[in-house]
Structure formats: structure tokens, C-alpha cells
Amino acid sequence: MNKLYENADLAIADIIDGSVLMLGGFGLCGIPENCIAALVKKGVKQLTCISNNAGVDDFGIGLMLQQKQVKKMISSYVGENAEFERQLLSGELEVELIPQGTLATRCMAAGYGMPAIYTPAGVGTEVAEGKEVRNFNGKDYLLEMAFDADFAIVKAWKGDTMGNLIFKDTARNFNPLMAMAGKITIAEVEHLVPTGELDPNHIHTPGIYVQRIFEGKHYEKRIEQLTLSK
Amino acid sequence: MNKLYENADLAIADIIDGSVLMLGGFGLCGIPENCIAALVKKGVKQLTCISNNAGVDDFGIGLMLQQKQVKKMISSYVGENAEFERQLLSGELEVELIPQGTLATRCMAAGYGMPAIYTPAGVGTEVAEGKEVRNFNGKDYLLEMAFDADFAIVKAWKGDTMGNLIFKDTARNFNPLMAMAGKITIAEVEHLVPTGELDPNHIHTPGIYVQRIFEGKHYEKRIEQLTLSK
Amino acid sequence: MALDKFQIAQRIAKELKDGYYVNLGIGIPTLVANYVPEGINVILQSENGLLGMGPFPKEGKQDADLINAGKQTITTIPGSSFFDSAMSFGMIRSGKVDLTVLGAMEVSENGDIANWKIPGKMVKGMGGAMDLVASAKNIVVAMMHTNPKGESKLLKKCHLPITGIRCVKKIVTELAVLEICDKGFKLLERAPGVTVEEIISKTEGNLIVEGDVPEMAI
Amino acid sequence: MALDKFQIAQRIAKELKDGYYVNLGIGIPTLVANYVPEGINVILQSENGLLGMGPFPKEGKQDADLINAGKQTITTIPGSSFFDSAMSFGMIRSGKVDLTVLGAMEVSENGDIANWKIPGKMVKGMGGAMDLVASAKNIVVAMMHTNPKGESKLLKKCHLPITGIRCVKKIVTELAVLEICDKGFKLLERAPGVTVEEIISKTEGNLIVEGDVPEMAI
């Protein structure tokens, strides 16, 4: 079975209006730049995007927001984005804010076939509203449901034609979790290598979780907060 | 803080009668040989051992069974061990059999601070007796509790003085999960390397989960079922 | 003529499709790997933590750190990956494994399976079997049609303690290929030369025979 | 004299012990890393997936793939490790992080904390704050004693939407070090030259003053 796609346009060709997408990355670190560009080009709309952040005004998911392609964001933090704020305040955009660890674990739950997980994050806060609270060993936990996404779109450092992925540094973040969680997982990689070249002990995401893979082009890898030592 | 121990005897010195231990390994693959030998030498008794298997008669946890050090085994499969069978039938030994994936996930739950997990394994079988059954999206799941172990004893291929671990091939199995789950985690490694030598992207178990580490000696690495191609 | 165990494996191999991720149980299921049809690539999952299991090693090439779920020494194919047991059962539980082949002691007409415990005998444990049957989306059972006493293993209801409920999709025995449907065991194929009557006589559970039942092509 | 933000960080750094795994929030907490006492090794956790965070990189050495939870470019120390976000919050949730330092807008006398949302303002989200406060076994808050309007931030009850309940252990402000105990804020230390009266006047929640309250040694 061929998992190899030529480019992002082909890999995302069947994503339609109203799809639920997971997009890997933390801030602008480890985001699937090629797929985002292809989604903007395709102009698909009414998307629900599960992603830790919403990019900045002119990069990352911010590019999709500019084109009003996003109906709903499910994120843990959405600062640094004026267009996002405008759409939110005008009611064009729906936002669900959830704790970062809950976001990560709800992805993992989907990938691990667990329908729900218990976490203490948000107990006693407005995040707990409408959710089941349960006490285990004297501590309260919230029941949080596994995500159910049509597509997971992730970015890896290296990948092979069988879909095995290796991430680099903190660009790993949500990518391997979302890769496990999508009904269809699309991986863009900086370096596509022939099958057999990756050390099987170094693989972060086994190919079984990846349905489509392609080598991305022209990575900008923008830095959000350049901070240097003197 | 020093995590480095000279040998297994020192690393397990405070394990006392009645302790709950997790022991890594699948069959005889990836088992903490040095720590098992030290536990036998120390003669600590009334142990509860959480381990996927119980070794064979003269190797692995089987060595502890010979000395009648084990009160209870929590495992998924305990074949290939005549002494085990004798103790079980005579009532000297208590056994709790649980599905392998449930065993693995209850370890992971402990390491991830999740008090319990839902799994479909065992629904409708005697494993479900006395357990909460809950339906999510039309499918039944059992509520299974995170393990609570005093010590996790694991074997890795490489480790550094900060406790970072890398496993090799299928000797990984339960080791990283148990490493995350112990109140105190003791890691024996085939190769101890100076801190900074392991690639941070290749580490399977971050050092935060490991309290004690030492380089093991004289690994026998016995093969249970030598099977060859002609 | 009834199939031998190699032919059962061969027949099951016809269920494989290109790109399938497959988990093969111990016994006859393991043999399926020897009959993968030409032009088809399947990737074998071993639930102790490996995708991309290869053949047994040549003498001298065995590695104690590289075994399958039956604890046998094995090798890997290019593109293999190792992972821990939680991820291994995670991918099983989330339905990423396309086909699971298991042995069984009994199967009931609603798809329940019993394959882990015989009352009165030493219980060795379920290993990964309960996880596999509870989660796999496509389970094929490889077994003999009857037990050594000649009693049917395709039952109205399992007598032995069950491993999982309503999970088996297909059964391949030395006599027949059967599918679990709403009403029971639907007879899909006969072994060459085996009569429908023989299959009926050796099937305790409800057997559905519709029209001409073709012989297996193996 | 009230502490400046660097001195607050310096005082918090005295809470560090050798071998501690520490998560430092954005703002004053980040500064704590600059004041680790001599002879003590601490390992910084960044919840986006790193243990062993080092200083900011030198010009030209920045790497877009290597950032902290504040999205700043950083470096690693020898012995660092990378992991995914589930493991990162897993180690937080299971109590493996020894000390968490956070900023806050309000803290109540029972240890509730509010630091993520101001009604009427654009809500940016809680990021990892709710996970951290719900799980960390040892939470120290770094904040000003009063808000810009001069109102106390140490309250009987939080007015703002809370981030977590009964979780804060200690608070270090420009005026004082306080511990949350059963009855409220226990005054442990005063900033050099700051009077107990000033601290009382700026603390709305129940303040417990027992005996002579020593000055901080910084």
C-alpha cells in the first residue's frame, strides 16, 4: 500500500468543509506549514481545528483564520493573534479553551483506544462545568472524552515511506499524540528517507498510525520569541 | 543529587518484606537480572510482584519463587514454570491474572497521574467481575485502577547518571511503563554512560522517573524459545 | 478432504490485503505468515512491542532482546519499529490493526470466543488475548472444527470461560470457512471434497447454509 | 524596603534543593533560574516537552525547534531529554516535578489561585496552568502583594475565575514570604525594612502572625 504523496495539495485533497482537524505544533514550533498553506489554497471552510495554539496573525493557523476558514478552535492558549480576537469578539469564531495537559491526554486517549480519561486539571474551575467529577483516593478528577478527529495533520523531522516518524527537540510536542489520534493521519516531514534507514529504536510514531506522508518544502520555521543570551 | 549506585545490592537495600514491586520484562526478555539476584540474596519475603510473567523455574522471577519470596503475582501469563504451578495449587502463592494490555495501561496510568483507565479488555468475562462497566459510544469498557507500587525495577540497554534510559528492541516492553509508575524506580543498565552522551531525542525514559541507577554485571540474557530459520 | 494446519493457514492468508497490519496468534495463526499472497505486503505486529516482524533468525543471528509474543527469537524487516507495551496495546485498542488471527477452543454462534482457560487445569493466563479480542475490528479464528473427543467447537454458547464477547468475524477450520452473522455461523466455503452434511453434523451452533456452497480454492 | 522582581526570584530560589525537578512559569518565575544557589543542581522542566532546559542561546545559535513554554528560544543542558506533551503533563500529574513556581493575579487564604482570566478582557487561555496547579505537590506563587489599584491580591476568596483549588503552598511577594496553612496566610518572613503592619494592611485574607517575624536573608 502506498502512503507516499507528492505534496501537501494531494495529501489534503479530500479534506472537505466542516471537517474536524487536529494540527500539531506548540506555538509556531513543529507546525505542518505545508499542509496549512495547502488548506488555505484549497479554501476549505467551516473547519474545527484542535491545536494547542492558533498561530500568529500572519503565520500558522493564523493564515487560515485570515481566510475565515475556521469555525471553531479547540486550544489551550490563543494569545498573540489580533485577527483571532476580532473574529472571536464578533462571534464569527467559536473557541473552546481546555487545559494543555487535558488537550494532550485527550489526543493520547484517542490513539490508545481509551474512550475517556480522568484528570485533576480544572477541578473546581469553570472548565469543570457540566463534566463528571469523580473522587479517587481522596482527590477529585474530571472525566474528559477522547477526541474524535477526521484528520490529524502533523509535522515531523524525519519520516520513511512506511510512515514511521521521528521528531526533533521540542517540535515533538503534540505531533506524535495527534498522529495516533486521527482517523486519517497526514504527516509532512522535513526529510523523507528510504524505508529501513531509520533506527527502529528511535522511531517516535510507528507507521501504523500514519496513512499519508510527504516531504515538505520551503520550511520557514518562524521563531515566535527570539530570546538570546548576552 | 546522586542517583548512581554501585551495584544491585545497594540499590535494593531498602526493599523490605511485604513490598509491592514492579519488575520489567516480557518472558525473560529485558528482565532486571541483577536486581532479581540481589533480591534472592537478600531473602526479602512476602513480596507482591507485578510483572507480565513469572520467569521460568530457574531464571527470572522463578528464582524468587524457588526461595518462596513471593506472596502474590500480578501477571498476564504464568506458564512455563513448574514451581509456580506447585505453589499455586498448594495455596502458598496468590495469583491475579489480568490482560496484558490492561497490565501495561495500569502502569502507564500510574506514571501519568491518571487514577484509572477504561479498557474494553475483559468485558463479559470473569475479569469483569466486581468491576464497573461503562458504555461509551455504544461500546462497553471496564474501569481499571492505576497500579500503586513501592518500587519499580527495570532493565535498560543504556542509561546515564541522571537516570535517562534507552531500551533495545523488544526488551523495551513493560520497562519504560513501570519506570514511570514506581514510587521509587531502580534501573539497571547494560551500559552506563556519562551524562550528555545520550541523544536527548532518543531517550525513552526521562531521568525524572528514575531515582536509582547502576550498571549491571554478567548479563545472561537467556533465550526462552530459540527458534531459527533453516 | 479436510485441510491440514498448513492449508488452514494458507486459506486464512487469502484474507490478507495489501498494506494490512496483522497480529498473528500462537500456533496455526503464526503459519499464516508463510502464505502471504504475491504482490501483497503485510506488516506483522507482535504485541510485545514490534511492528515489522521478520522471519526467524539464521543460526548465530539470534538476539535475546528480539523476540515475538510467543517468546521465540525473530528478526525485523526494514521499516520496523519498537515501542512499549502500552503503545502496543494502544494501537490494538484503537483499531489500527487490520486483522487479528487467533486460535480458539470454542466459538459461539454470536461470535463469543473461549481460548484462555480450562476449568480444572492450571490456568496460565490470558496474555494479550482479551485485549486483542475486545478491540480488533477483524478477527479470524483458526481452529479445528471439533475437539479431540469429536465434539463441535462451534457452539450455540461457549461452555468454557470466555475470552471475549461478540468479536469473532470469521472462522477457518479443517472443514470450512464460516462467517458470524446475525443468525449464527454462515457457511461460506467447504474444504475440497468435504460435504455440507459433514459440516452440519459437526456444527452444534446454528449453521446457515444458503444455496450452493463453493469449495475453497487453495 | 520592598523587593524588586529580581529579589523575589532570588528569595524563591532558596526553596530549591539539590536534585529538584522544577517547572518555572512565565514572568518572575523564569528569573528564578538565575539564582540557583551554589552547590545545588536543579533540572528545569518545560511543559512543552523538555527536561534539562539551559540558558537562552547566543546570537546565531537559536533553533526554531527548541523553545520553552513561553515560546522563547532556549538551549539544553547535558542530560536533557525531549518528550511529547502527554508525557510532559504525565510527569506533572504524577507528582514527579518537585517544585512549581507560578505567577498569580489572586490567591485565597485556602490556597486557591486565579491566574488565567479577567472577565471582560480577551481570554487567551489557561495553557498548562490548570494542569500544573491541579497536580504539582509544591507550588510557590511569585507575585506582587497588591494589584496596580493598590488592592490586596491575598484574599479571603478569589474574585477572578480560579485556575485551581487549594493548591498553593507558599507565596513570595515584594513584601513577604507566606505559607498557606489551615487558618490562612501564615507570615514567615518580611522583606528587609518592611513592617508587619504594612503587610497586615495589604493582606485582605486572614493573616497569621506568630511571634517575631524574621527579615528575609537575601
Side-chain angles (χ1 to χ4, degrees), chain A residues 26-30 52-53 75-81 84-85 88-89 95 97-105 107-109 111 119-127 139-142 157 167-177 204 219-230, chain D residues 30 46-50 53-76 80 82-93 112-114 116-117 121-135 161-167:
Chain A
F26 175 86
L28 303 179
C29 182
N52 190 59
N53 312 90
S75 304
S76 86
Y77 191 81
V78 293
E80 290 105 29
N81 197 320
F84 184 96
E85 188 165 348
L88 182 63
L89 297 176
V95 175
L97 292 170
I98 60 182
Q100 193 176 336
T102 302
L103 184 72
T105 313
C107 292
M108 188 182 74
T119 175
V123 167
T125 76
E126 62 183 58
V127 164
K139 184 168 174 142
D140 283 339
Y141 296 83
L142 300 184
W157 179 53
F167 303 92
K168 179 168 157 277
D169 300 0
T170 56
R172 193 181 317 182
N173 56 64
F174 289 85
N175 281 300
L177 305 167
H204 298 127
Y219 281 103
E220 186 175 337
K221 296 177 73 168
R222 200 185 287 189
I223 289 173
E224 206 164 336
Q225 304 279 349
L226 178 63
T227 314
L228 301 170
S229 292
K230 275 124 214 165
Chain D
T30 303
S46 190
E47 68 264 28
N48 54 319
L50 166 62
M53 183 161 54
F56 299 122
K58 300 275 184 201
E59 171 93 54
K61 296 289 183 191
Q62 67 271 18
D63 180 343
D65 289 335
L66 184 46
I67 64 171
N68 66 15
K71 283 131 195 167
Q72 297 169 305
T73 45
I74 44 142
T75 59
T76 58
S80 63
F82 296 106
F83 34 83
D84 66 46
S85 302
M87 182 182 267
S88 184
F89 284 94
M91 63 183 67
I92 288 168
R93 224 185 280 117
D112 293 354
I113 180 172
W116 79 284
K117 185 176 180 179
K121 285 205 183 178
M122 159 77 183
V123 181
K124 294 186 170 182
M126 66 293 280
M130 282 193 182
D131 304 275
L132 281 160
V133 301
S135 302
I162 63 172
T163 311
I165 54 173
R166 289 184 291 280
C167 53

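By convention in this document, chain letters (A, B, ...) are assigned in the order of the sequence lines, proteins followed by strands, and residues within each chain are numbered from 1.
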Checklist outcome for this item: In terms of heavy-atom pairs under 4.5 Å with chain A, the winner among D:K117, D:K71, D:E59, D:K61 is D:K71

Next on the checklist: Under 4.5 Å from any heavy atom of chain D, what part of A:K139 do you find: side chain, backbone, both or neither?
Outcome noted: side chain

Checklist outcome for this item: Counting heavy-atom pairs under 4.5 Å with chain D, the top scorer among A:P99, A:G122, A:G124 is A:P99

Checklist entry - Is chain A contacted by the side chain of D:V123, its backbone, both, or neither, given a heavy-atom distance below 4.5 Å? => result both

Checklist entry - Can you tell me how far the CG atom of D:N48 sits from the CZ atom of A:R172, to the nearest 0.5 Å? => result 12.0 Å

Checklist entry - Checking side-chain contact (heavy atoms from CB on, under 4.5 Å) for the pair A:Q225/D:I67: CA distance, chi angles, key distance, verdict? => result CA-CA 9 Å; A:Q225 304 279 349; D:I67 64 171; over 6 Å; no

Item to check | Among the listed options A:I98, A:L97, A:T170, the residue most often paired with chain D at heavy-atom distances under 4.5 Å | outcome: A:T170

Item to check | Side chain / backbone / both / neither for D:F82 at chain A, heavy atoms under 4.5 Å | outcome: both

Checklist entry - Side chains of D:M122 and A:F84: does their closest heavy-atom pair fall under 4.5 Å? => result yes

Next on the checklist: I'd like to know whether A:V127 forms a side-chain contact (heavy atoms from CB on, under 4.5 Å) with D:M126, so could you lay out the CA-CA distance, the side-chain angles of the two residues, the decisive distance to 0.1 Å, and finally the verdict.
Outcome noted: CA-CA 10 Å; A:V127 164; D:M126 66 293 280; 3.6 Å; yes

Checklist entry - Partners of D:A86 by side chain to side chain contact (heavy atoms under 4.5 Å, CB included), sequence neighbours excluded? => result A:A104, A:M108, A:L177, B:Y112, D:D84

Checklist outcome for this item: chain D shares the most heavy-atom pairs under 4.5 Å, among A:A171, A:G101, A:C107, A:P120, with A:G101

Next on the checklist: Rounded to the nearest 0.5 Å, what separates atom CG in A:L228 from atom OG1 in D:T75?
Outcome noted: 11.0 Å

Checklist entry - Under the 3.5 angstrom rule, does the side chain of D:K58 hit a backbone N or O of A:K230 as a donor-acceptor pair? => result yes

Checklist outcome for this item: Heavy atoms of D:D63 and A:D169 approach each other most closely as OD2-OD2, 3.9 Å

Checklist entry - Under a 4.5 Å heavy-atom cut-off, does chain D meet the side chain of A:L88, its backbone, both or neither? => result side chain

Next on the checklist: With a 4.5 angstrom heavy-atom cut-off, is it the side chain or the backbone of A:D140 that approaches chain D, or both, or neither?
Outcome noted: neither

Checklist outcome for this item: Heaviest contributor of heavy-atom pairs below 4.5 Å to chain A, chosen from D:P57, D:G125, D:A64, D:A134, is D:P57

Item to check | Part of D:T163 within contact of chain A (heavy atom distance under 4.5 Å) | outcome: backbone

Checklist entry - Is a side-chain N or O of D:T73 found less than 3.5 angstrom from the main chain of A:T227, in a donor-acceptor match? => result yes

Checklist entry - Do A:I223 and D:Q62 come within less than 4.5 Å of each other through their side chains, counting heavy atoms only? => result yes

Item to check | Polar side-chain atom of A:Q100 near backbone of D:G128 as donor-acceptor pair, under 3.5 Å | outcome: yes

Item to check | Atom group of D:N68 that falls short of 4.5 Å from chain A, counting heavy atoms | outcome: backbone

Next on the checklist: Below 4.5 Å, heavy-atom pairs only: which of D:P161, D:G49, D:G127 has the largest tally toward chain A?
Outcome noted: D:G127

Checklist entry - Taking C-beta and beyond as the side chain, do A:F26 and D:E47 meet within less than 4.5 Å on heavy atoms? => result no

Checklist entry - Top residue by heavy-atom pair count (under 4.5 Å) with chain D, among A:A121, A:S76, A:G30? => result A:S76

